There are 2 protein chains.
Amino acid sequence: MSGKRDKREAIVEAMLDLIVERGFHDAPMSLLAKRSGASPGVIYHYFPSKDELIHAVYQHVVSIKHELFFEGFSEDEPPREALLRIWLNAYRFYRTRRKETRFLDQYLNSPYCKTGAEEEMRSASSESARILQWLQPKKKGGIVKDIPSEAIYGLTLGLAASLAKAPKTFSPVTLKRIAETVWQAIADE
Amino acid sequence: MSGKRDKREAIVEAMLDLIVERGFHDAPMSLLAKRSGASPGVIYHYFPSKDELIHAVYQHVVSIKHELFFEGFSEDEPPREALLRIWLNAYRFYRTRRKETRFLDQYLNSPYCKTGAEEEMRSASSESARILQWLQPKKKGGIVKDIPSEAIYGLTLGLAASLAKAPKTFSPVTLKRIAETVWQAIADE
DNA sequence: CATCTTAGATCGAACGTTCGTTCTAATCGA
DNA sequence: TCGATTAGAACGAACGTTCGATCTAAGATG
(Lines give C-alpha, C1' and ligand atoms only; values in the text may rest on other atoms or scores of the structure.)
Protein backbone atom coordinates (compact mmCIF):
# COMPACT_ATOMS: atom_id res chain seq x y z
CA MET A 1 0.00 0.00 0.00
CA SER A 2 2.80 2.40 -0.88
CA GLY A 3 3.27 3.47 2.75
CA LYS A 4 5.03 6.51 4.07
CA ARG A 5 8.50 5.04 3.74
CA ASP A 6 8.02 5.23 0.00
CA LYS A 7 7.28 8.93 0.14
CA ARG A 8 10.24 9.62 2.38
CA GLU A 9 12.46 7.72 0.01
CA ALA A 10 10.99 9.49 -2.99
CA ILE A 11 11.95 12.81 -1.40
CA VAL A 12 15.49 11.67 -0.68
CA GLU A 13 15.88 10.25 -4.16
CA ALA A 14 14.52 13.38 -5.81
CA MET A 15 16.84 15.56 -3.77
CA LEU A 16 19.76 13.42 -4.83
CA ASP A 17 18.83 13.92 -8.48
CA LEU A 18 18.34 17.63 -7.98
CA ILE A 19 21.68 18.20 -6.32
CA VAL A 20 23.56 16.14 -8.87
CA GLU A 21 21.89 17.99 -11.73
CA ARG A 22 21.96 21.53 -10.38
CA GLY A 23 24.25 21.66 -7.35
CA PHE A 24 23.64 22.66 -3.76
CA HIS A 25 23.23 26.29 -4.71
CA ASP A 26 20.40 25.65 -7.11
CA ALA A 27 18.26 22.92 -5.59
CA PRO A 28 15.25 24.76 -4.18
CA MET A 29 12.62 23.11 -2.05
CA SER A 30 9.90 24.27 -4.42
CA LEU A 31 11.39 22.27 -7.26
CA LEU A 32 11.99 19.33 -4.97
CA ALA A 33 8.31 19.37 -4.10
CA LYS A 34 7.37 19.29 -7.76
CA ARG A 35 9.82 16.52 -8.64
CA SER A 36 9.17 14.27 -5.68
CA GLY A 37 5.42 14.61 -5.82
CA ALA A 38 5.37 15.67 -2.18
CA SER A 39 4.12 19.07 -1.10
CA PRO A 40 6.38 21.41 0.88
CA GLY A 41 4.34 20.64 3.97
CA VAL A 42 4.98 16.93 3.70
CA ILE A 43 8.68 17.39 3.14
CA TYR A 44 8.84 19.34 6.39
CA HIS A 45 6.83 16.62 8.02
CA TYR A 46 9.63 14.15 7.35
CA PHE A 47 12.65 16.46 7.66
CA PRO A 48 13.04 19.37 10.07
CA SER A 49 15.05 21.44 7.59
CA LYS A 50 16.72 21.41 4.22
CA ASP A 51 20.09 20.82 5.84
CA GLU A 52 18.83 17.75 7.68
CA LEU A 53 17.36 16.45 4.46
CA ILE A 54 20.70 16.79 2.74
CA HIS A 55 22.38 14.94 5.58
CA ALA A 56 19.78 12.22 5.13
CA VAL A 57 20.62 12.00 1.44
CA TYR A 58 24.22 11.52 2.44
CA GLN A 59 23.38 8.70 4.85
CA HIS A 60 21.33 7.06 2.14
CA VAL A 61 24.18 7.20 -0.35
CA VAL A 62 26.78 6.03 2.13
CA SER A 63 24.79 2.96 3.04
CA ILE A 64 24.57 1.98 -0.62
CA LYS A 65 28.28 2.49 -1.05
CA HIS A 66 29.18 0.44 1.98
CA GLU A 67 26.95 -2.39 0.90
CA LEU A 68 28.37 -2.58 -2.61
CA PHE A 69 31.99 -2.27 -1.51
CA PHE A 70 31.80 -5.32 0.71
CA GLU A 71 29.64 -7.47 -1.53
CA GLY A 72 30.92 -11.03 -1.27
CA PHE A 73 33.67 -10.06 1.11
CA SER A 74 34.72 -12.46 3.85
CA GLU A 75 37.22 -11.88 6.63
CA ASP A 76 39.03 -15.13 6.03
CA GLU A 77 39.63 -14.78 2.33
CA PRO A 78 43.34 -14.56 1.44
CA PRO A 79 44.53 -10.92 1.51
CA ARG A 80 45.27 -10.74 -2.17
CA GLU A 81 41.88 -12.05 -3.24
CA ALA A 82 40.06 -9.91 -0.67
CA LEU A 83 41.74 -6.76 -1.88
CA LEU A 84 41.13 -7.58 -5.52
CA ARG A 85 37.48 -8.18 -4.75
CA ILE A 86 37.03 -4.89 -2.90
CA TRP A 87 38.93 -3.03 -5.58
CA LEU A 88 36.71 -4.36 -8.32
CA ASN A 89 33.62 -3.70 -6.20
CA ALA A 90 34.77 -0.13 -5.70
CA TYR A 91 35.37 0.34 -9.40
CA ARG A 92 31.93 -1.03 -10.14
CA PHE A 93 30.33 1.32 -7.62
CA TYR A 94 32.06 4.40 -8.99
CA ARG A 95 31.29 3.38 -12.53
CA THR A 96 27.67 2.33 -12.30
CA ARG A 97 26.47 4.59 -9.50
CA ARG A 98 27.40 7.88 -11.09
CA LYS A 99 24.74 9.92 -9.36
CA GLU A 100 25.81 8.65 -5.96
CA THR A 101 29.48 9.20 -6.76
CA ARG A 102 28.86 12.71 -7.93
CA PHE A 103 26.83 13.53 -4.87
CA LEU A 104 29.56 12.23 -2.59
CA ASP A 105 32.18 14.27 -4.41
CA GLN A 106 30.15 17.40 -3.91
CA TYR A 107 29.05 16.73 -0.38
CA LEU A 108 32.37 15.62 1.05
CA ASN A 109 34.12 18.71 -0.26
CA SER A 110 31.44 21.13 0.84
CA PRO A 111 30.99 22.75 4.24
CA TYR A 112 27.79 20.72 4.61
CA CYS A 113 29.66 17.73 5.94
CA LYS A 114 31.58 19.86 8.43
CA THR A 115 28.48 21.15 10.20
CA GLY A 116 26.74 18.93 12.68
CA ALA A 117 28.77 16.03 11.41
CA GLU A 118 29.62 13.58 14.11
CA GLU A 119 27.13 10.84 13.70
CA GLU A 120 28.03 10.95 10.05
CA MET A 121 31.75 10.87 10.33
CA ARG A 122 31.57 7.56 12.06
CA SER A 123 29.69 5.98 9.19
CA ALA A 124 31.54 8.08 6.64
CA SER A 125 34.87 6.61 7.52
CA SER A 126 33.37 3.31 8.57
CA GLU A 127 33.91 1.71 5.20
CA SER A 128 37.42 2.95 4.68
CA ALA A 129 38.11 2.37 8.37
CA ARG A 130 37.00 -1.21 8.00
CA ILE A 131 39.38 -1.72 5.13
CA LEU A 132 42.29 -0.08 6.87
CA GLN A 133 41.66 -2.02 10.06
CA TRP A 134 41.72 -5.17 8.04
CA LEU A 135 44.98 -4.15 6.40
CA GLN A 136 46.76 -3.16 9.62
CA PRO A 137 47.80 -6.66 10.77
CA LYS A 138 48.93 -7.44 7.23
CA LYS A 139 51.49 -4.67 7.50
CA LYS A 140 52.95 -6.04 10.70
CA GLY A 141 52.92 -9.47 9.15
CA GLY A 142 54.98 -8.21 6.23
CA ILE A 143 52.34 -8.99 3.65
CA VAL A 144 51.74 -5.36 2.82
CA LYS A 145 54.36 -2.65 2.47
CA ASP A 146 54.91 -0.46 5.50
CA ILE A 147 53.81 2.80 3.87
CA PRO A 148 51.19 5.19 5.31
CA SER A 149 47.59 3.99 5.26
CA GLU A 150 46.63 7.03 3.22
CA ALA A 151 49.04 5.96 0.53
CA ILE A 152 47.49 2.52 0.42
CA TYR A 153 44.04 4.04 0.17
CA GLY A 154 45.14 6.36 -2.62
CA LEU A 155 46.85 3.60 -4.55
CA THR A 156 43.85 1.31 -4.36
CA LEU A 157 40.43 2.91 -4.01
CA GLY A 158 41.57 6.35 -5.06
CA LEU A 159 42.79 4.84 -8.28
CA ALA A 160 39.54 2.95 -8.74
CA ALA A 161 37.66 6.24 -8.38
CA SER A 162 39.75 8.12 -10.90
CA LEU A 163 39.59 5.25 -13.39
CA ALA A 164 35.84 5.02 -13.05
CA LYS A 165 35.53 8.73 -13.83
CA ALA A 166 37.31 8.32 -17.16
CA PRO A 167 35.06 8.34 -20.20
CA LYS A 168 36.45 5.00 -21.38
CA THR A 169 35.07 1.69 -20.28
CA PHE A 170 37.75 -0.82 -19.43
CA SER A 171 37.45 -4.45 -20.31
CA PRO A 172 37.38 -7.00 -17.49
CA VAL A 173 40.81 -8.15 -18.62
CA THR A 174 42.29 -4.67 -18.39
CA LEU A 175 40.67 -4.18 -14.99
CA LYS A 176 42.10 -7.41 -13.71
CA ARG A 177 45.53 -6.34 -14.91
CA ILE A 178 45.23 -2.97 -13.19
CA ALA A 179 43.98 -4.57 -9.99
CA GLU A 180 47.02 -6.78 -10.01
CA THR A 181 49.31 -3.81 -10.60
CA VAL A 182 47.63 -2.26 -7.57
CA TRP A 183 48.33 -5.31 -5.49
CA GLN A 184 51.94 -5.38 -6.62
CA ALA A 185 52.28 -1.73 -5.68
CA ILE A 186 51.27 -2.28 -2.09
CA ALA A 187 52.31 -5.87 -1.48
CA ASP A 188 55.67 -6.38 0.16
CA GLU A 189 57.37 -8.16 -2.70
CA MET B 1 49.02 53.37 -6.41
CA SER B 2 46.78 50.50 -5.32
CA GLY B 3 45.17 50.65 -8.75
CA LYS B 4 42.06 48.97 -10.02
CA ARG B 5 43.61 45.61 -10.66
CA ASP B 6 44.04 45.29 -6.94
CA LYS B 7 40.34 45.68 -6.34
CA ARG B 8 39.46 43.12 -8.95
CA GLU B 9 41.88 40.71 -7.38
CA ALA B 10 40.58 41.47 -3.90
CA ILE B 11 37.11 40.50 -5.06
CA VAL B 12 38.31 37.23 -6.58
CA GLU B 13 40.35 36.41 -3.48
CA ALA B 14 37.49 37.20 -1.12
CA MET B 15 35.12 35.05 -3.16
CA LEU B 16 37.59 32.19 -2.97
CA ASP B 17 37.68 32.48 0.83
CA LEU B 18 33.92 32.75 1.04
CA ILE B 19 33.25 29.67 -1.06
CA VAL B 20 35.82 27.59 0.77
CA GLU B 21 34.42 28.62 4.14
CA ARG B 22 30.71 28.46 3.39
CA GLY B 23 30.17 26.68 0.09
CA PHE B 24 28.52 27.77 -3.14
CA HIS B 25 25.10 27.70 -1.57
CA ASP B 26 26.00 30.17 1.16
CA ALA B 27 28.27 32.75 -0.41
CA PRO B 28 26.03 35.77 -0.99
CA MET B 29 27.14 38.83 -2.89
CA SER B 30 26.26 41.03 0.06
CA LEU B 31 28.79 39.29 2.25
CA LEU B 32 31.32 39.30 -0.54
CA ALA B 33 30.92 43.06 -0.77
CA LYS B 34 31.58 43.42 2.95
CA ARG B 35 34.59 41.10 2.95
CA SER B 36 36.26 42.41 -0.17
CA GLY B 37 35.72 46.05 0.69
CA ALA B 38 34.01 46.60 -2.65
CA SER B 39 30.43 47.69 -3.01
CA PRO B 40 27.95 45.53 -4.89
CA GLY B 41 28.01 48.05 -7.69
CA VAL B 42 31.74 47.71 -8.21
CA ILE B 43 31.59 43.96 -8.23
CA TYR B 44 29.14 44.13 -11.09
CA HIS B 45 31.36 46.65 -12.75
CA TYR B 46 34.10 44.04 -12.99
CA PHE B 47 32.01 40.89 -13.43
CA PRO B 48 28.76 40.61 -15.37
CA SER B 49 27.27 38.08 -12.95
CA LYS B 50 27.97 35.91 -9.95
CA ASP B 51 28.47 32.89 -12.18
CA GLU B 52 31.09 34.69 -14.25
CA LEU B 53 32.84 35.76 -11.08
CA ILE B 54 33.01 32.16 -9.94
CA HIS B 55 34.44 31.12 -13.28
CA ALA B 56 37.04 33.85 -12.83
CA VAL B 57 37.93 32.46 -9.42
CA TYR B 58 38.45 29.11 -11.09
CA GLN B 59 40.75 30.55 -13.73
CA HIS B 60 42.73 32.27 -11.03
CA VAL B 61 43.17 29.06 -9.06
CA VAL B 62 44.03 26.97 -12.09
CA SER B 63 46.80 29.32 -13.13
CA ILE B 64 48.38 29.05 -9.69
CA LYS B 65 48.14 25.28 -9.82
CA HIS B 66 49.68 25.04 -13.24
CA GLU B 67 52.55 27.30 -12.26
CA LEU B 68 53.39 25.36 -9.11
CA PHE B 69 53.08 21.94 -10.74
CA PHE B 70 55.70 22.69 -13.34
CA GLU B 71 58.09 24.66 -11.16
CA GLY B 72 61.61 23.71 -12.19
CA PHE B 73 60.39 21.28 -14.81
CA SER B 74 62.34 20.86 -18.02
CA GLU B 75 61.43 18.80 -21.07
CA ASP B 76 64.83 17.17 -21.33
CA GLU B 77 65.14 15.96 -17.76
CA PRO B 78 65.29 12.15 -17.48
CA PRO B 79 61.75 10.71 -17.17
CA ARG B 80 62.25 9.38 -13.69
CA GLU B 81 63.54 12.67 -12.27
CA ALA B 82 60.91 14.69 -14.12
CA LEU B 83 58.11 12.58 -12.73
CA LEU B 84 59.50 12.69 -9.21
CA ARG B 85 59.74 16.47 -9.45
CA ILE B 86 56.18 16.93 -10.65
CA TRP B 87 54.93 14.48 -8.08
CA LEU B 88 56.58 16.37 -5.24
CA ASN B 89 55.40 19.70 -6.68
CA ALA B 90 51.87 18.35 -6.78
CA TYR B 91 52.06 17.13 -3.22
CA ARG B 92 53.36 20.52 -2.13
CA PHE B 93 50.55 22.31 -3.94
CA TYR B 94 47.84 20.14 -2.42
CA ARG B 95 49.40 20.43 1.01
CA THR B 96 50.19 24.12 1.22
CA ARG B 97 47.43 25.56 -0.96
CA ARG B 98 44.54 24.12 0.96
CA LYS B 99 42.09 26.85 0.05
CA GLU B 100 42.81 26.44 -3.62
CA THR B 101 42.61 22.66 -3.39
CA ARG B 102 39.32 22.79 -1.57
CA PHE B 103 37.88 25.20 -4.09
CA LEU B 104 38.91 22.97 -6.97
CA ASP B 105 37.35 19.95 -5.31
CA GLN B 106 34.08 21.79 -4.95
CA TYR B 107 34.08 23.48 -8.31
CA LEU B 108 35.10 20.53 -10.44
CA ASN B 109 32.39 18.34 -8.96
CA SER B 110 29.67 20.96 -9.18
CA PRO B 111 27.47 21.81 -12.14
CA TYR B 112 29.23 25.18 -12.29
CA CYS B 113 32.03 23.80 -14.39
CA LYS B 114 29.63 22.10 -16.78
CA THR B 115 27.84 25.29 -17.81
CA GLY B 116 29.48 27.57 -20.30
CA ALA B 117 32.69 25.68 -19.87
CA GLU B 118 34.67 25.51 -23.02
CA GLU B 119 37.32 28.13 -22.66
CA GLU B 120 37.90 26.66 -19.23
CA MET B 121 38.12 23.04 -20.16
CA ARG B 122 41.07 23.77 -22.35
CA SER B 123 43.04 25.25 -19.49
CA ALA B 124 41.50 22.84 -17.00
CA SER B 125 42.97 19.83 -18.66
CA SER B 126 45.99 21.72 -19.89
CA GLU B 127 48.12 20.77 -16.94
CA SER B 128 47.15 17.13 -16.83
CA ALA B 129 47.16 17.09 -20.62
CA ARG B 130 50.69 18.41 -20.65
CA ILE B 131 51.79 15.64 -18.32
CA LEU B 132 50.03 12.91 -20.25
CA GLN B 133 51.34 14.16 -23.55
CA TRP B 134 54.81 14.07 -22.12
CA LEU B 135 54.25 10.50 -20.91
CA GLN B 136 52.81 9.20 -24.18
CA PRO B 137 56.11 8.62 -26.03
CA LYS B 138 57.55 7.00 -22.90
CA LYS B 139 54.90 4.31 -23.14
CA LYS B 140 55.77 3.47 -26.73
CA GLY B 141 59.42 3.52 -25.76
CA GLY B 142 58.81 0.92 -23.08
CA ILE B 143 59.88 3.19 -20.25
CA VAL B 144 56.42 3.36 -18.76
CA LYS B 145 53.94 0.51 -18.44
CA ASP B 146 51.29 0.28 -21.12
CA ILE B 147 48.32 0.89 -18.85
CA PRO B 148 45.60 3.51 -19.42
CA SER B 149 46.62 7.14 -18.95
CA GLU B 150 43.93 7.55 -16.32
CA ALA B 151 45.55 4.82 -14.28
CA ILE B 152 48.88 6.59 -14.44
CA TYR B 153 47.25 9.82 -13.38
CA GLY B 154 45.49 8.12 -10.49
CA LEU B 155 48.62 6.33 -9.36
CA THR B 156 50.70 9.50 -9.39
CA LEU B 157 48.89 12.79 -8.89
CA GLY B 158 45.75 11.22 -7.51
CA LEU B 159 47.86 9.63 -4.84
CA ALA B 160 49.61 12.92 -4.13
CA ALA B 161 46.23 14.56 -3.64
CA SER B 162 44.91 11.95 -1.25
CA LEU B 163 48.14 11.94 0.75
CA ALA B 164 48.11 15.72 1.02
CA LYS B 165 44.58 15.59 2.42
CA ALA B 166 45.65 13.35 5.28
CA PRO B 167 46.02 15.09 8.63
CA LYS B 168 49.56 13.81 9.00
CA THR B 169 52.60 15.59 7.64
CA PHE B 170 55.03 13.29 5.96
CA SER B 171 58.76 13.72 6.29
CA PRO B 172 60.77 14.44 3.14
CA VAL B 173 62.29 10.98 3.49
CA THR B 174 58.88 9.30 3.58
CA LEU B 175 57.74 11.38 0.63
CA LYS B 176 60.79 10.42 -1.38
CA ARG B 177 60.10 6.77 -0.62
CA ILE B 178 56.49 7.09 -1.69
CA ALA B 179 57.46 8.94 -4.85
CA GLU B 180 59.79 6.10 -5.69
CA THR B 181 57.09 3.54 -5.04
CA VAL B 182 54.97 5.54 -7.46
CA TRP B 183 57.66 5.41 -10.09
CA GLN B 184 58.07 1.67 -9.61
CA ALA B 185 54.34 1.21 -9.99
CA ILE B 186 54.22 2.82 -13.41
CA ALA B 187 57.71 2.14 -14.76
CA ASP B 188 58.08 -0.87 -17.02
CA GLU B 189 60.37 -2.88 -14.78
C1' DC C 1 48.70 77.45 -14.75
C1' DA C 2 43.84 77.35 -14.09
C1' DT C 3 39.75 75.49 -15.85
C1' DC C 4 36.85 72.38 -18.43
C1' DT C 5 35.84 67.75 -20.16
C1' DT C 6 35.22 63.10 -19.82
C1' DA C 7 35.43 58.26 -19.02
C1' DG C 8 35.88 55.03 -15.71
C1' DA C 9 35.51 53.70 -10.78
C1' DT C 10 32.70 53.73 -6.69
C1' DC C 11 28.87 53.81 -3.70
C1' DG C 12 24.74 52.19 -1.29
C1' DA C 13 19.85 52.35 -1.43
C1' DA C 14 16.35 50.06 -3.80
C1' DC C 15 14.16 46.54 -6.94
C1' DG C 16 11.75 42.45 -8.14
C1' DT C 17 12.35 37.67 -7.42
C1' DT C 18 12.90 33.56 -5.12
C1' DC C 19 14.20 31.28 -1.14
C1' DG C 20 13.25 28.16 3.06
C1' DT C 21 9.69 27.68 5.96
C1' DT C 22 4.99 28.00 8.16
C1' DC C 23 0.01 27.99 8.41
C1' DT C 24 -4.60 27.06 7.39
C1' DA C 25 -8.12 24.77 5.57
C1' DA C 26 -9.48 20.64 3.24
C1' DT C 27 -9.20 15.58 3.17
C1' DC C 28 -8.66 11.07 4.74
C1' DG C 29 -8.91 6.84 7.62
C1' DA C 30 -10.91 4.95 11.73
C1' DT D 1 -16.81 12.64 14.23
C1' DC D 2 -11.98 13.20 15.42
C1' DG D 3 -7.10 13.23 15.04
C1' DA D 4 -3.54 12.71 11.65
C1' DT D 5 -2.05 13.86 7.13
C1' DT D 6 -1.83 16.64 3.29
C1' DA D 7 -1.82 20.45 -0.46
C1' DG D 8 -0.69 24.74 -1.57
C1' DA D 9 -1.29 29.65 -0.54
C1' DA D 10 1.17 32.79 2.09
C1' DC D 11 5.20 34.86 4.77
C1' DG D 12 9.21 37.51 5.89
C1' DA D 13 13.91 37.31 4.91
C1' DA D 14 17.50 37.24 1.87
C1' DC D 15 19.01 36.82 -2.65
C1' DG D 16 21.31 38.59 -7.14
C1' DT D 17 21.21 42.59 -9.56
C1' DT D 18 20.35 47.50 -11.07
C1' DC D 19 20.61 52.37 -11.03
C1' DG D 20 21.46 57.14 -10.66
C1' DA D 21 24.51 59.99 -8.15
C1' DT D 22 29.11 61.01 -6.88
C1' DC D 23 33.95 60.79 -6.93
C1' DT D 24 38.61 60.57 -9.14
C1' DA D 25 42.22 61.51 -12.14
C1' DA D 26 44.11 62.31 -16.54
C1' DG D 27 44.12 64.92 -20.60
C1' DA D 28 42.51 68.93 -23.46
C1' DT D 29 41.85 73.87 -24.07
C1' DG D 30 42.79 78.57 -23.37
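Computed from a predicted structure; not experimentally measured.
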Next on the checklist: For Leu157(A) versus Ala90(A), what's the shortest heavy-atom pair and its separation?
Outcome noted: CD2-CB, 3.6 Å
Checklist entry - Between Glu150(A) and Phe170(B), is a side chain to side chain contact (heavy atoms under 4.5 Å, CB included) present by the stated rule, with each step listed? => result CA-CA 11 Å; Glu150(A) 289 84 358; Phe170(B) 300 106; 4.1 Å; yes
What integer distance in Å separates [X]:[atom1] from [N]:[atom2]?
| X | N | atom1 | atom2 | value |
| --- | --- | --- | --- | --- |
| Ile11(A) | dG20(C) | CD1 | C1' | 15 Å |
| Leu31(A) | dG8(D) | CG | C1' | 16 Å |
| His25(A) | dG20(C) | NE2 | C1' | 17 Å |
| Phe47(A) | dT6(D) | CZ | P | 13 Å |
| Met15(A) | dG20(C) | CE | C1' | 10 Å |
| Leu18(A) | dC19(C) | CG | C1' | 14 Å |

Next on the checklist: With side chain to side chain contact (heavy atoms under 4.5 Å, CB included) as the criterion, how do Leu16(A) and Glu13(A) come out once you've worked through the C-alpha distance, each side chain's angles and the decisive distance to 0.1 Å?
Outcome noted: CA-CA 5 Å; Leu16(A) 175 61; Glu13(A) 209 73 50; 3.9 Å; yes
Checklist entry - Reckon His45(B) has a side-chain N or O less than 4.0 Å from the OP1 or OP2 of dA9(C)? => result yes
Checklist entry - Taking everything shown except Lys168(B) itself, do over 12 heavy atoms lie less than 6.0 Å from its NZ? => result yes
Item to check | Val144(A) vs Pro79(A) side-chain heavy atoms within contact, under 4.5 Å | outcome: no
Next on the checklist: Under 4.0 Å between a side-chain nitrogen and a carboxylate oxygen: does that hold for Arg102(B) and Glu21(B)?
Outcome noted: no
Checklist outcome for this item: Those stems involving DNA chain D that have three or more consecutive Watson-Crick or G-U pairs, both distances under 3.5 Å, are C:1-30 with D:1-30
Checklist entry - Angle class for the Phe70(A)/Phe73(A) ring planes (parallel below 30°, perpendicular above 60°, tilted otherwise)? => result perpendicular
Checklist entry - Parallel under 30°, tilted from 30 to 60°, perpendicular over 60°: which one fits the rings of Phe24(A) and Phe103(A)? => result perpendicular
Checklist entry - Which nucleotide in the list dG12(C), dA7(D), dA9(C) gets nearest to the side chain of Ser39(A)? => result dA7(D)
Item to check | Criterion side chain to side chain contact (heavy atoms under 4.5 Å, CB included) on Tyr107(A) and Ile54(A), from CA distance to verdict | outcome: CA-CA 9 Å; Tyr107(A) 181 89; Ile54(A) 289 174; 3.9 Å; yes
Checklist entry - Taking protein heavy atoms under 4.0 Å as touching, what does nucleotides 9-26 of chain D look like 5' to 3' if B marks base contact, S marks sugar-phosphate-only contact and - marks none? => result ------SSBBB-------
